[in-house]
Structure formats: structure tokens, C-alpha cells
Novice: 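Below: one structure in C-alpha cells.
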Amino acid sequence: MNTSAIKKMEIINSLSLVPGGSLDKIKEYLDALMAESDISKLDNFSLKGIWKDKGFEKITDFDAELKEIRQRLGNSILERKC
């Protein structure tokens with residue numbers, strides 16, 4: 001695990017011990033840090049077109065194909081021994 005991830009985990013663990021009244025001060029401090037840095041907020045993005053050109057357009061009867069795959073998967077699971 002990298003050091004920044006460890007630091008974040010330590011901060012989160014420490015926050016659970018902070019009294020409720022001090023959380024507002026911490027939030028204000030974090031907001032100020034974010035405002036002075038050039039970190040832009042994440043923009044909402046769409047997943048539209050994520051499967052484009054992945055081969056699904058070649059399937060003529062998608063429902064039948066999906067049914068067959070589910071049946072094969074079900075049979076595969078049933079054939080396994082515990």
C-alpha cells in the first residue's frame with residue numbers, strides 16, 4: 001500500500017476520535033485547503049457508449065444469447081462438486 005493511502009486511513013481513523021464540536025473546524029480547514037489548491041471537483045460523467053465497438057452490436061438476438069449464457073452458467077454451477 002502506498003504512503004498516501006496509509007496517511008488517508010490514519011486521518012480517517014483519527015476523525016472517528018474527534019469530538020463532534022471540532023468536526024466543523026476540521027471541515028472548514030479542509031474546505032480552505034481545497035479552495036487554495038487547484039484540485040477541481042469531479043465532474044459528473046456519462047457511461048453512455050461504454051460498450052460501443054465491443055462486439056455486442058454483432059449479436060442479432062440479444063435476449064436469446066443472454067438466455068443461453070445464463071443456462072450454461074447455471075449448468076456449470078450445478079456440475080461443480082462441493
Side-chain angles (χ1 to χ4, degrees):
M1 196 180 299
N2 63 23
T3 58
S4 64
I6 293 171
K7 288 178 186 176
K8 287 178 185 179
M9 288 174 45
E10 289 173 349
I11 292 169
I12 291 170
N13 289 338
S14 297
L15 283 174
S16 65
L17 303 174
V18 173
S22 299
L23 289 175
D24 290 331
K25 292 178 187 176
I26 294 171
K27 172 92 170 84
E28 289 174 12
Y29 177 71
L30 289 174
D31 289 342
L33 276 177
M34 296 297 289
E36 67 185 38
S37 69
D38 284 340
I39 300 173
S40 62
K41 294 186 178 189
L42 293 176
D43 294 330
N44 290 336
F45 58 91
S46 173
L47 297 178
K48 182 178 180 181
I50 192 170
W51 297 109
K52 185 179 179 185
D53 298 330
K54 300 295 182 196
F56 292 104
E57 60 276 353
K58 296 177 186 173
I59 299 174
T60 55
D61 189 1
F62 190 77
D63 291 330
E65 187 75 21
L66 188 58
K67 185 177 181 179
E68 179 186 340
I69 291 170
R70 286 179 176 160
Q71 189 168 12
R72 284 191 308 199
L73 181 60
N75 291 339
S76 172
I77 291 171
L78 291 174
E79 289 173 359
R80 294 181 189 169
K81 294 186 179 184
C82 295

Novice: Determine whether L73 and L66 fall in the same hydrophobic cluster, where Ile, Leu, Val, Met, Phe, Trp and Tyr are linked whenever their side-chain heavy atoms lie under 4.5 Å apart.
Specialist: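 The answer is no; the residues belong to distinct hydrophobic clusters.
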
Novice: Between I11 and M34, is there a shared hydrophobic cluster once you connect ILVMFWY residues whose side-chain heavy atoms come closer than 4.5 Å?
Specialist: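 Different hydrophobic clusters.
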
Novice: Rounded at 0.5 Å granularity, tell me how far CG in N2 sits from NZ in K8.
Specialist: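 It is 8.0 Å, given to the nearest 0.5 Å.
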
Novice: Hydrophobic cluster membership, with links at side-chain heavy-atom distances under 4.5 Å among I/L/V/M/F/W/Y: are I59 and W51 in one?
Specialist: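 Yes, because I59 and W51 connect within a single hydrophobic cluster, where side-chain heavy atoms sit under 4.5 Å apart.
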
Novice: Do other residues, nucleotides or ligands put more than 12 heavy atoms under 6.0 Å from E57 CD?
Specialist: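 Enclosed.
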
Novice: Could you tell me whether a side-chain N or O of S14 sits under 3.5 Å from a main-chain N or O of E10, the two making a donor and an acceptor?
Specialist: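 The answer is yes, because a donor-acceptor pair under 3.5 Å joins these two groups.
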
Novice: Check whether I12 and L33 end up in the same hydrophobic cluster, where Ile, Leu, Val, Met, Phe, Trp and Tyr are linked by side-chain heavy atoms less than 4.5 Å apart.
Specialist: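 Each belongs to a different hydrophobic cluster.
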
Novice: Following the transitive rule for hydrophobic clusters with a side-chain heavy-atom cut-off under 4.5 Å over Ile, Leu, Val, Met, Phe, Trp and Tyr, establish whether L47 and F56 coincide in one cluster.
Specialist: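 Yes: a chain of side-chain contacts under 4.5 Å links L47 to F56.
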
Novice: Roughly how far, to the nearest 0.5 Å, is CG of L15 from OG of S22?
Specialist: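 Atom-to-atom, S22:OG and L15:CG are 10.5 Å apart.
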
Novice: Which value, rounded to the nearest 0.5 Å, describes the distance between N75 atom CG and R80 atom CZ?
Specialist: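 It comes to 12.0 Å.
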
Novice: If you measure from CG on D63 to CD on E68, what distance do you get to the nearest 0.5 Å?
Specialist: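 These two atoms lie 13.0 Å from each other.
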
Novice: With rounding to the nearest 0.5 Å, note down the distance linking NZ in K52 to CD1 in I50.
Specialist: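 The NZ atom of K52 sits 13.5 Å away from the CD1 atom of I50.
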
Novice: Under 6.0 Å from the CZ atom of R72, do we count more than 12 heavy atoms belonging to anything else shown?
Specialist: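 It does: R72 CZ has more than 12 such atoms within range.
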
Novice: Should K27 and D31 count as an ion pair when the cut-off is N to O under 4.0 Å?
Specialist: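 Yes, this pair counts.
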
